[in-house]
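What follows is a set of notes on a single structure, which appears directly below.
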Amino acid sequence: MSTPSQAEVRRSIAAAGTIVVKVGSSSLTQPSGHLDPAKLDALAAALAQVRLMGGRVVLVSSGAIAAGFGPLGFDSRPADVATQQATAAVGQGLLMARYETAFGRFGIRVGQILITAEDTIRATQYRNVQRTLDRLLDLGVVPIINENDSLASNEIRFGDNDRLSALIANLVRAEALVLLTDVDALYTAPPSQPGSHRVEYVPNVIDALGDITVSGSGSKVGTGGMVTKLEAARVAAVSGIPTVLTCAANAGPAMMGDPVGTVFAPVKARGSARRLWIGFAAEPRGSIMVDAGAAKAIRGGRASLLAAGALEARGDFSAGDPVWIDDEAGTHLARGLAGFDSEEIPQMLGRNTAQLKRFLGPEYAHPLVHRDNLVLV
Ligand SMILES: Nc1ncnc2c1ncn2[C@@H]1O[C@H](COP(=O)(O)OP(=O)(O)O)[C@@H](O)[C@H]1O
Ligand SMILES: N[C@@H](CCC(=O)OP(=O)(O)O)C(=O)O
């Protein structure tokens, strides 16, 4: 795929039929950290424009914790996970009520979807999310997605919504991803640093970012900062989706292809959405170390990991959990979904399929990680 020009990428964003827009907490809040209804109304008005012109719009919105801490009597965003989860439970309802009113002014319905990383890497859950989103879009609804903060387990939550939005863009086969934050663009260094300047165009987000310094959130309410936004742009790019990153006030111009913010070109044709989830959605729970022969087969692509080539399972995981597949030196070769619980694997190591069947039973005569559930890293 040849690298498109900046103008071409911006034109493709303007022409997108399905668009995923992610807005961060920092763009929906006042300096105190509390939700700012005027900012939320302005965003809804910009998205309504696109929707009313026939665009299919998915909004990934943070802000549940920001909306909840004021009403609960806290001065600032709570720091501990349990209070954050409780605050999100209060704030999510308030946030949706605001969105319902804001979009209602344009006669547009919204629908809430709360997602945990854990349930979306499972094939059935993943398909359910996809089917529901497709149907909502067919019905002309603007789905509003957030991480299910109140239920997400600490070890495997996204925390920020940047990466989640890129995965959703892939899931709904979006033609553009718009990341709205509290800075107008990606800068060569955190914007507070003297001398940093705006990056207009990133033709290849995978290898062209060596000279850019990014840091975490600069606000009281945001979480991931530029690090997770670049990761989101990378996930979108390898899914064949262009990204524009800018401030919420620029939402309208960004979606119309105007030269605002930073635009990232897609770097690959669209890949399988589910494999992308396996690759990016969740932190692996453990690892399976493989011998040189298995490492070679896996590196070659399209091979399942068989017990015969596995040397050791590390960590505590269940069948269906994401795991690393490592070579003997500990280098990560791939990510995959384990076919067995970690405690079942030791008795299977080094055994071929016939031995597994004879000694352990037919239910063990299967790959440790099936190739459909495996993504090279
Ligand atoms: N190179 C960079 N260019 C632009 N912003 C950066 C850079 N590095 C770090 N940042 C910080 O990232 C912040 C946006 O991330 P964050 O606060 O998590 O926002 P959000 O709530 O929208 O996710 C900016 O306010 C800025 O301080
Ligand atoms: N799901 C959380 C998002 C946390 C957060 O701050 O995310 P972001 O602003 O996207 O970095 C919420 O709704 O509060």
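In each ligand, atom 1 is the first atom listed, and ligand 1 is the first ligand listed.
Counting only heavy atoms from C-beta outward, the side chains of F264 and L230 approach each other to under 4.5 Å. No side-chain heavy atom of L305 sits less than 4.5 Å from a side-chain heavy atom of P367. Side-chain atoms of I288 and F317, non-hydrogen and from C-beta on, do get closer than 4.5 Å to each other. With contacts defined as side-chain heavy-atom distances shorter than 4.5 Å, the pair Q347/Y364 qualifies.
Judged by distance alone, the side chain of T331 and the main-chain N or O of D327 form no donor-acceptor pair under 3.5 Å. Of the possible donor and acceptor atoms, none in the side chain of K22 sits under 3.5 Å from a partner among the backbone N and O of L177.
With a 4.0 Å heavy-atom cut-off, ligand 1 is reached by the side chain of K22 but not by its N, CA, C or O. Counting heavy atoms under 4.0 Å from ligand 2, residue K22 touches it through the side chain alone. The proximity of V183 to ligand 1, defined as any non-hydrogen pair under 4.0 Å, is limited to the side chain. The part of A189 lying near ligand 1 is the backbone, judged by heavy-atom distances below 4.0 Å.
Close approach to S25 involves these atoms of ligand 1, each under 4.0 Å from a residue heavy atom: 21 (O). Remark: ligand 1 atoms within the under-4.0 Å shell around heavy atoms of D182 are 13 (C), 14 (C), 24 (C), 25 (O). Near T181, meaning under 4.0 Å from one of its heavy atoms, ligand 1 places the atoms 14 (C), 15 (O), 19 (O), 20 (P), 22 (O). Contact atoms of ligand 1 toward A185: 4 (C) (distance under 4.0 Å to a heavy atom of the residue). Which parts of ligand 1 touch P191 is read off a 4.0 Å heavy-atom cut-off, strictly below it: atoms 3 (N), 4 (C), 5 (N), 6 (C), 7 (C).
Annotation: G63 places an N or O atom under 3.5 Å from an N or O atom of ligand 2; distance criterion only. Below 3.5 Å of separation, one finds no N or O of S26 facing any N or O of ligand 2. Considering backbone and side-chain N/O of K229, none are found under 3.5 Å from N/O of ligand 2. Checked by distance only, ligand 2 and S25 come closer than 3.5 Å through their nitrogen or oxygen atoms. Residue D149 places at least one N or O, backbone or side chain, under 3.5 Å from an N or O of ligand 2. Looking at G24 next to ligand 2, no N or O pair under 3.5 Å apart turns up. Residue T188 has no N or O atom closer than 3.5 Å to an N or O atom of ligand 1. Not one N or O of E147 is nearer than 3.5 Å to an N or O of ligand 2, by distance alone. The shortest N/O to N/O separation between A66 and ligand 2 does not fall below 3.5 Å.
The pair D326-R314 fails the salt-bridge criterion, with no side-chain N (NZ, NE, NH1 or NH2) lying under 4.0 Å from an Asp/Glu carboxylate O.
Within the structure, side-chain hydrogen bond (donor to acceptor under 3.5 Å, both in side chains) contacts touching residues 89-102 (residues at least two apart or in different chains) are S61-Y99, Q92-Q112, Q92-N146.
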For this session: Would you check, one step at a time, whether the test salt bridge (charged side-chain N to carboxylate O under 4.0 Å, His left out) holds for D258 with R10?
Result: CA-CA 7 Å; D258 289 355; R10 291 196 185 269; over 6 Å; no

Problem set entry | Pair I168-I115, side-chain contact (heavy atoms from CB on, under 4.5 Å): steps then yes or no | CA-CA 10 Å; I168 295 292; I115 290 182; 3.7 Å; yes

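In this structure, R77 counts as a contact residue of ligand 2, since one of its heavy atoms falls inside 4.0 Å of the ligand.
Of the inter-residue distances, the one linking L306 atom CG with L368 atom CG reads 7.5 Å to the nearest 0.5 angstrom.
Closest heavy-atom approach to atom 14 (O) of ligand 2 within the set L114, D182, I65, N146: this belongs to I65.
Using the six-membered ring where Trp is involved, H332 and W324 have ring planes that are parallel, under 30° apart on the 30 and 60° scheme.
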